[in-house]
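Here it is, the structure in full.
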Amino acid sequence: MVTTAVTAVAGAVPPPPKGKAVTSAATPPPTLTRRHLLVAGATASALRTAPASAAAPKFAEIPGSGGVKALDLREGSGEVPADGDQVATHYYGRLAAKQGWRFDSTYDHKDETGDPMPFVFTIGSGKVIPGIEAAVKSMRVGGLRRVIIPPSQGYQNTSQEPIPPNFFDRQRLIFNPTRLANGEGSTLGTLIFDIDLINIRQRS
């Protein structure tokens with residue numbers, strides 16, 4: 001092939017000096033070879049990581065939660081809370097719709113010393129959205145869990161905790177069946193929370 005290419009252009013341009021002909025003809029292959037090696041390396045890397053991705057843990061539905069799904073990002077080693085216990089948590093809340101819009105996080109609320117203020121609530125009080133209670137009740141202290149909360153276990157009104165500081169944000173979180181029926185998407189009202197169970201402050 002190299003010979004054919006050199007022959008084809010020989011009539012169009014003066015042939016290079018004999019000592020340089022081999023150099024100019026031999027220059028392209030190493031460049032192409034490096035490209036092929038880079039592509040091959042990237043492909044091999046992707047193939048090596050494919051089994052790891054396939055074996056990644058998956059969300060599992062919490063029994064009796066009404067459809068709340070959980071993925072433990074860090075297993076806790078402490079006690080499991082029960083109804084009546086007061087617990088302290090940190091959370092990061094997002095809406096599944098609207099490109100994962102973040103509506104609130106305890107890490108944004110600081111005390112007078114500048115430390116993030118945890119969200120404290122009592123299990124079984126009925127003041128917190130059911131999805132969070134279901135998630136925390138089956139966690140151990142020290143655990144970090146990501147939960148997907150369906151609309152039925154999320155916000156039904158603006159008084160349910162955890163309450164975002166912006167009232168307009170609270171309004172956007174409430175599941176609205178009419179808007180869903182109008183085709184605004186099946187993720188409307190579906191929430192994603194990362195919950196860190198810090199401690200049990202008071203046992204019932």
Side-chain angles (χ1 to χ4, degrees), residues 56-177 187-204:
K58 297 182 179 179
F59 284 88
E61 185 170 329
I62 300 174
S65 66
V68 178
K69 295 181 179 179
L71 173 63
D72 286 315
L73 305 177
R74 182 182 69 232
E75 293 282 352
S77 58
E79 295 180 292
V80 177
D83 282 349
D85 289 347
Q86 187 183 74
V87 296
T89 67
H90 275 301
Y91 67 78
Y92 183 99
R94 305 186 299 280
L95 193 63
K98 301 184 183 297
Q99 294 78 48
W101 166 65
R102 186 183 80 167
F103 56 84
D104 196 19
S105 171
T106 53
Y107 298 101
D108 294 335
H109 308 300
K110 308 291 177 67
D111 61 19
E112 60 276 1
T113 65
D115 293 327
M117 296 175 60
F119 171 56
V120 179
F121 69 96
T122 301
I123 300 286
S125 65
K127 296 180 180 179
V128 178
I129 60 174
I132 286 185
E133 285 208 355
V136 173
K137 280 177 67 173
S138 55
M139 293 177 68
R140 288 186 176 276
V141 171
L144 175 63
R145 173 175 283 183
R146 177 166 295 165
V147 291
I148 300 175
I149 302 175
S152 62
Q153 303 303 310
Y155 290 94
Q156 304 298 317
N157 57 66
T158 56
S159 65
Q160 288 179 298
E161 296 180 320
I163 301 175
N166 189 313
F167 183 80
F168 179 66
D169 288 348
R170 294 181 227 168
Q171 295 285 87
R172 296 170 69 184
L173 293 173
I174 299 174
F175 176 61
N176 188 322
T187 57
L188 191 65
T190 299
L191 310 170
I192 301 172
F193 271 90
D194 288 355
I195 304 172
D196 190 350
L197 179 54
I198 303 169
N199 57 45
I200 298 175
R201 291 200 169 182
Q202 182 179 337
R203 301 230 68 148
S204 58

| said: Tell me if a side-chain donor or acceptor on Tyr92 pairs with a main-chain N or O of Ile192 at a distance below 3.5 Å. | reply: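 Between the backbone of Ile192 and the side chain of Tyr92 there is no qualifying donor-acceptor contact (under 3.5 Å).
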| task | Classify the ring geometry between His90 and Tyr107 as parallel (under 30°), tilted (30 to 60°) or perpendicular (over 60°). | result |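 Parallel.
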| said: Going by side chain to side chain donor-acceptor pair (under 3.5 Å), name the residues that satisfy it together with Ser138, two or more places apart in sequence or in a different chain. | reply: Arg145
| field | For the student: nearest non-hydrogen atoms of Gly78 and Arg140, plus distance | value | O-NH1, 2.9 Å
| message | Is any side-chain heavy atom of Arg74 closer than 4.5 Å to one of Asp196? | response | yes
| task | Answer whether the closest heavy-atom distance between the side chains of Leu191 and Ile129 falls below 4.5 Å. | result |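 The answer is yes; the side chains approach within 4.5 Å.
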| Within the side chain of Thr106, is there an N or O that forms a donor-acceptor pair under 3.5 Å with the backbone of Pro118? |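 It does not hold such a pair.
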| request: Can you tell me which residue pairs pass the salt bridge (charged side-chain N to carboxylate O under 4.0 Å, His left out) test with a partner in residues 146-159, sequence neighbours excluded? | output: Arg146-Asp194
| task | Answer whether the closest heavy-atom distance between the side chains of Lys137 and Ile62 falls below 4.5 Å. | result | no
| message | Tell me the closest heavy-atom pair linking Leu197 and Pro81, and the distance in Å. | response |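 Answer, listing the atom of Leu197 first, then Pro81: CD2-CD, 4.0 Å.
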| field | Candidate pair Tyr155 and Ile163, rule side-chain contact (heavy atoms from CB on, under 4.5 Å), full reasoning | value | CA-CA 10 Å; Tyr155 290 94; Ile163 301 175; 5.8 Å; no
| task | Take atom CD of Gln156 as the centre, draw a 6.0 Å sphere, and report whether it contains more than 12 heavy atoms from other residues, nucleotides or ligands. | result |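 More than 12 heavy atoms, drawn from other residues, nucleotides or ligands, come within 6.0 Å of this atom.
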| remark: Heavy-atom closest pair (Gln153 atom, Pro130 atom, distance to 0.1 Å) is OE1-CB, 3.2 Å
| query | Taking all atoms of both residues into account, what is the closest heavy-atom pair of Arg203 and Val80, and its distance? | reply |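 Where Arg203 meets Val80 most closely, the heavy atoms are NH2-O, 3.4 Å.
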| task | Search all heavy atoms of Ile149 against all heavy atoms of Gly154 and return the closest pair with its distance. | result |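 In this case the closest contact between Ile149 and Gly154 is CG2-N, 3.8 Å.
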| note | So CG of Leu144 and CG of Leu73: to nearest 0.5 Å the spacing works out to 4.5 Å
| task | Please answer whether the main-chain N or O of Val141 pairs with a side-chain N or O of Ser77 as donor and acceptor at a distance below 3.5 Å. | result |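 Absent.
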| field | Pairs satisfying side-chain hydrogen bond (donor to acceptor under 3.5 Å, both in side chains), at least one member in residues 120-129, at least two apart | value | none
| Test applied, side chain to side chain contact (heavy atoms under 4.5 Å, CB included); reference residue, Pro162; option that passes from Phe193, Phe103, Phe121 | Phe193
| field | Asn199 vs Arg201 side-chain heavy atoms within contact, under 4.5 Å | value | yes
| message | Just verifying a value: how many Å separate Glu61 CD and Lys69 NZ, rounded to the nearest 0.5 Å? | response | 6.5 Å
| So, the side chain of Glu133 versus the backbone of Gly124: is there a donor-acceptor pair under 3.5 Å, distance only? |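 Answer holds: yes.
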| message | Using every non-hydrogen atom in the two residues, find where Gly67 and Pro150 come nearest and quote the distance to one decimal. | response |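 Closest pair (atom of Gly67, atom of Pro150, distance): O-CD, 3.6 Å.
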| Beyond-backbone contact of Phe119 with Ser105, side-chain heavy atoms, under 4.5 angstrom |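 Side chain of Phe119 against side chain of Ser105, heavy atoms only: no contact under 4.5 Å found.
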| message | I need the single residue from Ile132, Val128, Val136 that forms a side chain to side chain contact (heavy atoms under 4.5 Å, CB included) with Ile123. Which is it? | response |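 In the set Ile132, Val128, Val136, the residue that makes a side chain to side chain contact (heavy atoms under 4.5 Å, CB included) with Ile123 is Val136.
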| message | Measuring from atom OG1 of Thr190 to atom CG of Leu95, what distance do you get when rounded to the nearest 0.5 angstrom? | response | 7.5 Å
